[in-house]
Number of protein chains: 2
Amino acid sequence: MISPKFRSMLKGESVIRKMNSQGNAIAEKIGAENVFDFSIGNPSVPAPENLNAVFEELLTGMDSVLLHGYSESHGILEVRKQIAASLQKRFGIPFSYRDIFMTSGACAAMAHAVRAVASPGEEIITFAPYFPEYKPYIEGAGVTLKIIPADTESFQINFDLLEQEISEKTAAVLINTPNNPSGVVYSTETVKRLAALLTQKSEELGHTIYLISDEPYREIVFAGVDNPFVSDYYADTIICYSFSKSLSLPGERIGYVAVNPACSMAELIIDMCAQISRCIGHNCPSSLIQYVAGRMCGETSDLTVYETNARMLYKELTAMGYTCQEPGGTFYMFPKALEEDAMAFCQKALEYNLVLVPGDSFGCPGYFRISYCVQTEKAERSVEAFKKLAKAYGL
Amino acid sequence: MISPKFRSMLKGESVIRKMNSQGNAIAEKIGAENVFDFSIGNPSVPAPENLNAVFEELLTGMDSVLLHGYSESHGILEVRKQIAASLQKRFGIPFSYRDIFMTSGACAAMAHAVRAVASPGEEIITFAPYFPEYKPYIEGAGVTLKIIPADTESFQINFDLLEQEISEKTAAVLINTPNNPSGVVYSTETVKRLAALLTQKSEELGHTIYLISDEPYREIVFAGVDNPFVSDYYADTIICYSFSKSLSLPGERIGYVAVNPACSMAELIIDMCAQISRCIGHNCPSSLIQYVAGRMCGETSDLTVYETNARMLYKELTAMGYTCQEPGGTFYMFPKALEEDAMAFCQKALEYNLVLVPGDSFGCPGYFRISYCVQTEKAERSVEAFKKLAKAYGL
């Protein structure tokens with residue numbers, strides 16, 4: 001009978017989409033070029049220039065039945081080898097194809113990782129501000145998501161609160177660095193301290209607490225920013241990766257689970273992923289797109305626009321009185337709203353054609369997210385609007 | 001902690017894969033050309049000739065950010081419209097884009113359909129012989145799969161057994177016509193009788209029993225075979241479709257859920273699919289592959305080889321004494337084994353380099369599946385091996 005669970009989910013409206021719709025309504029009146037839509041995190045740069053050559057080589061050079069044939073359930077072996085080799089080369093950890101499971105983007109990677117290391121009734125802990133889709137991803141597996149309130153001083157981790165929250169029910173801790181929505185990158189000190197705490201707690205509790213590291217923004221880190229590779233510091237790390245941002249291919253839904261080869265039961269986890277797929281209707285990403293990702297896994301689009309926009313907006317906004325942690329990567333920043341109610345603040349911002357997202361849905365009320373994955377010219381024009389908005393609040 | 005549920009699934013071995021491995025082991029010794037591997041249902045014909053032109057047009061003609069950008073959660077609107085128009089044109093039912101939800105193949109379509117109309121604790125009924133992956137697909141949603149034993153006379157439906165099995169727990173009935181593994185197509189009479197029974201039972205029970213129609217072989221039906229479009233006969237039909245077989249693109253994982261517009265709560269079901277996606281890590285098939293499917297949804301590969309093989313093998317096998325229902329479509333046939341234990345029979349067949357799959361895992365012991373998606377030349381050469389096998393059993 002019609003599922004009451006999924007039916008009731010229809011009532012929940014994404015605040016991001018709601019703001020985006022309001023922005024679109026304004027755009028219809030005054031033209032899209034006059035609306036500063038910072039609501040959606042959609043890469044604004046094209047895929048790398050050689051992408052089409054890679055597609056052509058595959059489409060004309062490979063046998064159709066082989067190219068478009070069923071992938072093995074773990075993903076195409078050649079592609080898994082290419083990704084393992086790339087990770088090994090870049091980060092020095094001896095990943096092999098046995099540690100890689102191909103997925104339809106980071107969302108599917110999370111769906112597999114969560115089910116591999118947590119059962120219904122167990123808990124996964126994450127930190128505000130957090131990507132709101134974590135809730136359905138994790139609760140969809142019957143697992144409880146526990147949120148540690150944000151450390152709004154630094155947007156690193158509040159370790160005291162984390163320590164209090166870890167219990168015998170804790171199956172995993174989930175981090176996202178560089179972070180959506182704060183734009184902050186966890187420092188080496190933070191990652192080390194997290195690793196030490198998880199090691200200590202795993203011993204005390206007598207079971208491994210896995211670290212699920214959601215890394216779609218790993219390649220978007222600005223010059224001079226400390227950007228530790230999480231798996232270097234904690235053996236029991238499960239990486240969830242997507243090529244969405246690095247190759248500007250978000251619609252192609254291509255990513256992977258990579259388990260640190262030093263992780264306890266690494267091979268078991270990868271094999272379990274193939275069983276999880278059968279139960280959630282996953283069954284591998286597109287074979288063509290897998291081949292493309294394998295051939296391009298060391299490359300990125302030209303991502304410099306994000307750093308240019310970040311530097312400029314941070315400088316301008318803080319100069320006019322906004323409070324903000326400087327972003328170290330991603331294409332997001334997360335300033336403090338100019339009134340307590342960030343929802344009301346974002347509604348006010350619409351009057352100046354600024355489409356912003358209140359922090360409430362990221363578990364961090366009083367702040368707002370700017371997705372500056374837009375042309376720099378547009379980001380520059382938005383400065384005047386931010387000024388007017390600040391002025392409306394007496395800054 | 002490491003999931004006991006998915007860990008225990010690692011012990012189960014697919015009989016299809018086991019037979020395929022045994023076949024591969026023989027191939028290593030005597031050469032693949034001498035092994036008649038009928039184990040795997042992988043399309044053997046290339047994708048349509050104009051496929052690469054469609055890819056090229058998209059890759060060079062469309063803006064990269066748009067082409068590879070995020071799809072809407074229901075699928076790309078243009079593609080949903082193309083598919084709805086194609087269905088409407090072919091079958092006369094007024095499908096609109098609102099009735100179409102794009103999925104990563106039929107497996108993902110099933111994962112969505114099952115969760116939309118059945119909750120944990122409820123039941124879905126299907127008929128032996130059945131595709132063995134139905135079990136994880138349905139049990140992965142917490143729903144119980146009930147199997148009606150095969151009517152081995154005709155491989156249509158045993159309605160007496162079905163009527164006994166329907167209860168207040170029955171959320172849906174799942175059919176697969178043309179059928180894997182029997183190759184049989186349900187007749188108009190069967191579909192009409194099924195529709196009448198479900199209508200009657202839905203009324204009696206006071207809730208709609210949905211009909212989930214898994215149709216990946218819809219386009220592979222042989223000349224002169226009665227092939228009713230299920231949705232024509234029962235309004236509450238949910239189609240699960242894949243382009244795997246029709247376009248020979250199994251690895252591209254592209255398909256859809258199509259809800260009969262006359263179905264109760266049709267739009268609700270489609271909207272719920274987008275919520276289900278969030279909970280199972282689905283999030284749309286590749287956008288490029290969606291565009292390709294939209295442009296090619298009325299076409300097929302050259303599928304004639306399957307009919308040629310079917311006619312030839314059916315004629316030869318029945319002439320030498322095998323009992324078999326004549327296949328009406330697909331690239332499977334399902335003869336009776338020459339001893340009671342089909343497992344033992346398939347092991348015996350290996351001695352003649354014939355790789356067959358016992359019917360036990362399809363819920364139909366005593367029979368075996370031949371996947372004749374091979375070159376006709378090879379199918380012809382296999383006849384001698386089938387003769388020797390028959391002779392070994394005294395035929």
Side-chain angles (χ1 to χ4, degrees), chain A residues 1-7 9-10 42-44 46-47 51-52 55 59-60 64-65 68-71 104-105 107-108 110-112 115-119 122 133 136-137 139-140 171 207 248-253 265 268-269 271-272 275-276 278-289, chain B residues 1-7 9-10 42-44 46-47 51-52 55 59-60 64-65 68-71 104-105 107-108 110-112 115-119 122 133 136-137 139-140 171 207 248-253 265 268-269 271-272 275-276 278-289:
Chain A
M1 303 74 161
I2 290 291
S3 161
K5 174 181 162 191
F6 295 113
R7 187 173 188 169
M9 283 180 73
L10 291 172
N42 221 341
S44 57
L51 177 78
N52 279 3
F55 267 116
L59 289 165
T60 59
S64 168
V65 172
H68 302 297
Y70 281 118
S71 143
S104 301
C107 159
M110 294 268 303
H112 285 83
R115 284 166 177 82
V117 301
S119 297
E122 295 178 357
E133 288 299 294
Y137 292 176
E139 292 177 355
H207 75 259
S248 275
L249 297 174
E252 303 308 342
R253 317 302 317 169
M265 307 199 262
L268 183 72
I269 291 171
D271 286 343
M272 282 167 66
Q275 298 302 322
I276 292 165
R278 300 169 69 198
C279 295
I280 61 174
H282 179 264
N283 272 13
C284 310
S286 148
S287 45
L288 173 64
I289 304 296
Chain B
M1 303 73 163
I2 290 291
S3 161
K5 174 181 162 191
F6 295 112
R7 188 174 188 169
M9 283 181 74
L10 291 172
N42 221 340
S44 57
L51 176 78
N52 279 4
F55 268 116
L59 289 165
T60 59
S64 167
V65 172
H68 303 297
Y70 282 117
S71 144
S104 301
C107 159
M110 294 267 304
H112 286 83
R115 284 167 177 82
V117 300
S119 296
E122 295 177 357
E133 288 299 293
Y137 292 176
E139 292 176 355
H207 76 258
S248 275
L249 297 173
E252 302 308 342
R253 318 301 318 171
M265 307 201 260
L268 183 72
I269 290 172
D271 286 344
M272 282 167 66
Q275 298 302 321
I276 292 165
R278 300 168 69 198
C279 295
I280 61 172
H282 180 262
N283 273 13
C284 309
S286 147
S287 44
L288 174 63
I289 303 295

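Below, read A as the first sequence line, B as the second, and so on, with proteins coming before strands; counting in each chain starts at 1.
Listed options B:Glu122, B:Glu139, B:Arg278, B:His282 were ranked by heavy-atom pairs under 4.5 angstrom with chain A; first place goes to B:Arg278. Note: A:Gly251 leads A:Pro285, A:Pro46, A:Gly281, A:Gly251 in heavy-atom pairs under 4.5 Å with chain B. Residue with the most contacts toward chain B among A:Ala111, A:Gly140, A:Cys279: A:Cys279 (heavy-atom pairs, distance under 4.5 Å). Considering only heavy-atom pairs separated by less than 4.5 Å from chain B, the leading option among A:Cys284, A:Ala118, A:Cys107 is A:Cys107. Of the residues considered (B:Ala116, B:Ser71, B:Pro43), B:Ala116 shows the highest number of contacts with chain A, using heavy-atom pairs under 4.5 Å. Between chain B and the residues A:Gly105, A:Gly69, A:Ala171, the most heavy-atom pairs under 4.5 angstrom are made by A:Gly69. Contact count versus chain A (heavy atoms, under 4.5 Å) is highest, among B:Pro136, B:Ser248, B:Ala47, for B:Pro136.
Contact annotation for A:Met110: neither backbone nor side-chain heavy atoms come within less than 4.5 Å of a heavy atom of chain B. Residue contact with chain A, scored on non-hydrogen atoms closer than 4.5 Å, involves the backbone and the side chain of B:Met1 alike. For B:Asn52, the part lying under 4.5 angstrom from a heavy atom of chain A is the side chain only.
The CD1 atom of B:Ile280 sits 12.0 Å away from atom OH of A:Tyr137, with the distance rounded to the nearest 0.5 Å. In this structure, CG in B:Leu10 is found 6.0 Å from CG in A:Leu268, a value given to the nearest 0.5 Å. Remark: B:Leu51 CG to A:His68 NE2 distance equals 5.0 Å, nearest 0.5 Å. B:Ile276 CD1 to A:Phe6 CZ: the interatomic distance, rounded to the nearest 0.5 Å, is 5.0 Å. A distance of 11.5 Å separates CZ in B:Arg7 from OG in A:Ser119, rounded to the nearest 0.5 Å. For the atom pair CG of A:Asn283 and CD of B:Glu133, the computed distance is 7.0 Å after rounding to the nearest 0.5 Å.
With B:Arg115 contributing its side chain and A:Ser3 its backbone, the two residues share no donor-acceptor pair below 3.5 Å.
Under the 4.5 Å side-chain criterion, counting only non-hydrogen atoms from C-beta, A:Ser286 is in contact with B:Glu252. Annotation: side chain of A:Arg253 is not in contact with side chain of B:Ser104 (no heavy-atom distance under 4.5 Å).
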